[in-house]
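FYI, side chains are in, hydrogens and waters are out, and symmetry mates aren't considered; it's all heavy atoms of this structure. Chain naming here is simple, since letters A, B, ... match the order of the sequence lines and numbering starts at 1 in each.
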Number of protein chains: 2
Amino acid sequence: MANKTRITIKDVARAAGCGVATASRVLNKSGSASSETRERVEQAARDLGFAFSATGRALQSRKSMTVGCLIPSLANPVFAEAVQGAQEELRKEGYQLLVASSNYDGETDNEILTTLLAKDVDGLLVTMVDPQDSSALNMAQGRNVPTCLMFHDPLPGWPSAHVSNAEAAAEVARRFARYGHRRTGFLALRFATSDRSRNRFDGFRAECAAQNLPAPELIEITETEANTPSILAQRLCEHPELTAIFASNDFLAIAVQKAANLMGWHVPQDLSVVGFDGIEVGRLLDRPLATIETTPEAMGRQAAQTLLVGLQGGEMAELTPLPFTFRVGATLSTPRTKSPDDDRGAAQSPSVPPLTSNVKQG
Amino acid sequence: MANKTRITIKDVARAAGCGVATASRVLNKSGSASSETRERVEQAARDLGFAFSATGRALQSRKSMTVGCLIPSLANPVFAEAVQGAQEELRKEGYQLLVASSNYDGETDNEILTTLLAKDVDGLLVTMVDPQDSSALNMAQGRNVPTCLMFHDPLPGWPSAHVSNAEAAAEVARRFARYGHRRTGFLALRFATSDRSRNRFDGFRAECAAQNLPAPELIEITETEANTPSILAQRLCEHPELTAIFASNDFLAIAVQKAANLMGWHVPQDLSVVGFDGIEVGRLLDRPLATIETTPEAMGRQAAQTLLVGLQGGEMAELTPLPFTFRVGATLSTPRTKSPDDDRGAAQSPSVPPLTSNVKQG
DNA sequence: ACAGCAAATGGAAACGTTTCCAAACCACGA
DNA sequence: TCGTGGTTTGGAAACGTTTCCATTTGCTGT
């Protein structure tokens with residue numbers, strides 16, 4: 001019960017009958033020491049169950065061996081997987097990850113970054129609402145804290161592990177065009193706080209134009225609308241002319257299918273749907289989801305590796321976008337040919353078979 | 001370019017023309033100071049862009065304001081959500097979360113815990129392979145580092161935020177029995193490294209016995225088998241007598257459906273399937289998954305709140321299990337009556353409607 | 001004008017490390 | 001016997017805080 005709560009290197013030194021400097025040298029295998037002292041120190045350390053205090057070390061060496069990680073939410077598997085990948089990569093090199101999420105809130109982003117910087121993180125891995133003018137992110141730069149973004153399209157000043165949102169979205173537009181769709185929609189959640197979503201829309205719209213399609217309809221919905229199929233169905237009904245919907249992420253795309261079912265529309269005959277991200281469950285659906293397949297874990301790994309270069313004092317190179325794949329699912333087909341009084345949901349012959357090959361792009 | 005890299009309280013004191021003690025008092029709003037000095041110090045701090053170093057503070061106060069979090073993997077949304085909940089709860093009180101995952105490996109568990117302890121975490125949130133005899137977890141106890149488990153059924157020595165795995169599993173057995181199933185199977189992944197999974201099986205088996213059902217078949221599969229529908233289908237074929245399968249998590253349950261489809265079996269007529277966890281996507285499937293619905297985020301929150309009590313020096317009480325719900329989906333029904341040469345997959349009249357009410361239990 | 005007291009202040013120690021530096025020690029050849 | 005040069009060794013400073021404690025300052029009331 002009279003346990004001193006912490007065993008320090010001084011305790012070890014005393015037990016071994018030597019100075020702390022010597023103990024430190026032995027335990028770190030730096031500098032020289034006679035084999036007898038070495039033995040005594042090691043024995044003492046073992047007996048006492050000594051372990052270095054990372055705090056003491058951090059203070060003296062000005063290296064915390066800690067990386068800060070800011071993301072919108074761990075409840076989104078895309079971010080969670082990225083963190084998982086980054087964490088594994090960093091741990092190999094002895095770094096720990098300080099993780100915090102902002103819930104898609106710009107102010108919280110800054111608060112968190114400030115806290116992380118105060119914690120003396122050696123580096124930063126960041127996905128946030130508005131990196132371009134975050135005071136805290138600038139402060140990180142001023143303090144020379146290596147920083148790598150994740151998911152964001154390239155931004156001046158920071159490397160970013162990402163997939164080209166615009167190019168991926170363009171691929172979707174091309175697919176739609178190839179299947180003969182003309183009136184398309186882009187379904188967005190949190191459009192205001194996600195540059196990813198905005199960039200997807202921009203890329204999608206641009207390619208629609210290039211393909212001589214009418215401009216896509218932008219449909220913004222709230223979290224509640226996304227989670228309530230009946231309401232979502234209502235929103236979709238406001239756009240009866242659309243034959244294909246590009247959802248800004250897979251969950252949304254699945255929700256659209258659900259909503260469509262509710263109205264008796266058949267996917268894909270009555271409405272084609274394509275998602276974004278390529279989450280695993282999309283594959284397991286009865287009607288596997290057509291989607292842009294990305295690899296968030298690889299993204300996290302890449303970000304971590306780049307950061308490691310920065311942490312070792314190197315120059316962090318601008319990153320080339322990670323490849324994406326168009327996953328051919330069963331939710332994209334030719335639109336049914338519609339007559340003006342066409343009744344959606346009527347029996348329908350099978351659609352043309354989907355294109356057989358996937359496209360990989362970098 | 002000649003920037004001193006870090007601004008310390010000494011710099012502030014010098015700029016304000018006072019001692020560091022005074023500066024510290026002002027900036028911390030502790031102790032007294034004349035309004036002029038107060039003003040000068042605050043001005044100086046603002047001008048210099050001063051921020052406290054958490055490391056220095058941690059060293060002197062022996063509080064790192066950091067909590068360590070160990071989980072099997074962030075790639076599993078159940079854990080990711082728990083971390084999310086815990087993180088939010090802890091941040092409110094000024095704590096940051098140091099997150100690491102072990103990939104379901106017991107040795108890694110211990111390595112990580114050791115590292116976290118070295119980092120002087122003030123508390124620990126843990127889900128691991130084998131908490132009962134982890135040297136590192138004992139060390140945490142010896143060092144008086146408050147620790148709360150997550151997901152684990154109660155264990156002597158540590159509080160645990162959890163759902164009663166056995167009771168939840170028993171509920172599944174009762175549902176199976178009520179629908180007239182007799183030959184059932186329990187599909188397990190990582191049985192060896194998950195006490196949760198084992199406890200579910202035990203509870204399931206016990207209640208099968210109580211309901212006079214034959215002992216359930218334990219079917220262990222590997223990750224690869226789980227991810228490859230065709231192989232999984234093969235495994236299922238080895239047990240043609242089973243009419244209902246309880247999968248140890250929802251992903252597995254979805255995989256079973258997929259595999260069943262592949263063989264032309266109809267779910268639930270030919271094979272009923274129930275999952276565990278209650279992940280969101282289960283709801284969005286064409287055939288919504290029947291499952292035990294749990295609330296991982298709430299679990300993370302509860303664990304964090306308990307831990308906070310411990311962090312404030314209080315006694316951490318044993319936690320009562322969190323409630324779970326049996327989610328009535330569309331994957332559980334009466335088994336089709338089988339004749340010996342019955343051809344599974346033949347056309348079939350609709351099953352009886354599912355029970356209408358959910359059950360909530362704590 | 002002065003004792004007495006509260007408010008304000010700053011020096012110094014401590015937290016646990018690492019590392020610089022000077023001192024002590026050793027064996028060896030001259 | 002004594003330098004010489006290398007190996008071991010430990011004291012002390014530094015990293016950025018907070019806090020104890022002693023000192024100084026400024027008033028109050030008599």
For this session: Sugar-phosphate means primed atoms, P, OP1 and OP2; the rest is base. With that split, encode nucleotides 7-12 of chain D 5' to 3' as B, S or - using protein heavy atoms under 4.0 Å.
Result: -BBBB-

Exercise. In degrees, rounded to 10°, what is the bend between the two ends of the helix from C/dA1-D/dT30 to C/dA30-D/dT1, using five pairs at each?
Worked result: 60°

Exercise. Is it true that A/Arg91 and B/Glu111 have a side-chain N and a carboxylate O under 4.0 angstrom from each other?
Worked result: yes

For this session: Salt-bridge test for B/Asp120 and A/Arg6: reply yes if a basic N is under 4.0 Å from a carboxylate O, no otherwise.
Result: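 Judged by the 4.0 Å cut-off on N to carboxylate O distance, B/Asp120 and A/Arg6 do form a salt bridge.
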
Problem set entry | Nearest-neighbour nucleotide for the A/Thr8 side chain, D/dG16, C/dG16, C/dT18 considered | C/dG16

Apply side chain to side chain donor-acceptor pair (under 3.5 Å) to [X] and list each qualifying residue two or more places apart in sequence or on a separate chain.
X	answer
B/Gln87	A/Ser101
A/Gln132	none
B/Arg198	none
A/Asp153	A/Asn165, A/Asn199

For this session: Give me the residues of residues 41-61 of chain B where at least one heavy atom lies under 4.0 Å from an atom of DNA chain C, by number, or none.
Result: B/Leu59, B/Gln60

Testing the 3.5 Å rule here: is there a donor-acceptor pair between the side chains of [X] and [Y]?
X	Y	value
A/Asn110	A/Ser134	yes
B/Arg57	B/Asn28	yes
B/Lys119	A/Ser64	no

Quick one: [X] [atom1] to [N] [atom2], roughly how many Å, whole number?
X	N	atom1	atom2	result
B/Glu39	C/dA8	CD	P	15 Å
B/Arg6	D/dC15	CZ	P	12 Å
A/Leu27	C/dG16	CG	P	15 Å
B/Arg14	D/dT17	CZ	P	13 Å
B/Ile7	D/dC15	CD1	C1'	16 Å
A/Lys119	D/dG16	NZ	C1'	15 Å
A/Arg62	D/dA13	CZ	C1'	13 Å
A/Asn28	C/dT17	CG	P	10 Å

Donor-acceptor pairs under 3.5 Å, side chain of residues 303-312 of chain B to any protein atom, not counting sequence neighbours: which ones?
residue	atom	partner	partner atom	Å
B/Gln305	NE2	B/Glu89	OE2	3.0
B/Thr306	OG1	B/Gln302	O	2.9

Problem set entry | B/Ser197: side-chain contact (heavy atoms from CB on, under 4.5 Å) partners, not counting sequence neighbours |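 With neighbours one apart ignored, the set is B/Phe186, B/Ala188, B/Phe191, B/Ser194, B/Ser248.
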
For this session: Return the set of residues passing side-chain contact (heavy atoms from CB on, under 4.5 Å) with B/Ala16 (not counting sequence neighbours), or none when no residue passes.
Result: B/Cys18, B/Arg40, B/Val41, B/Ala44

Contacts under 3.5 Å, N or O only, protein and nucleotides 23-28 of chain D:
none

Problem set entry | Sequence neighbours excluded - ring pair (Phe, Tyr, Trp, His ring centres under 6.0 Å) pairs with any residue from residues 53-97 of chain A | A/Phe79-A/Phe151

Exercise. Looking at CZ of B/Arg62 and OG of A/Ser53, how far apart are the two atoms once the value is rounded to the nearest 0.5 Å?
Worked result: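 Output value for this atom pair is 10.0 Å.
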
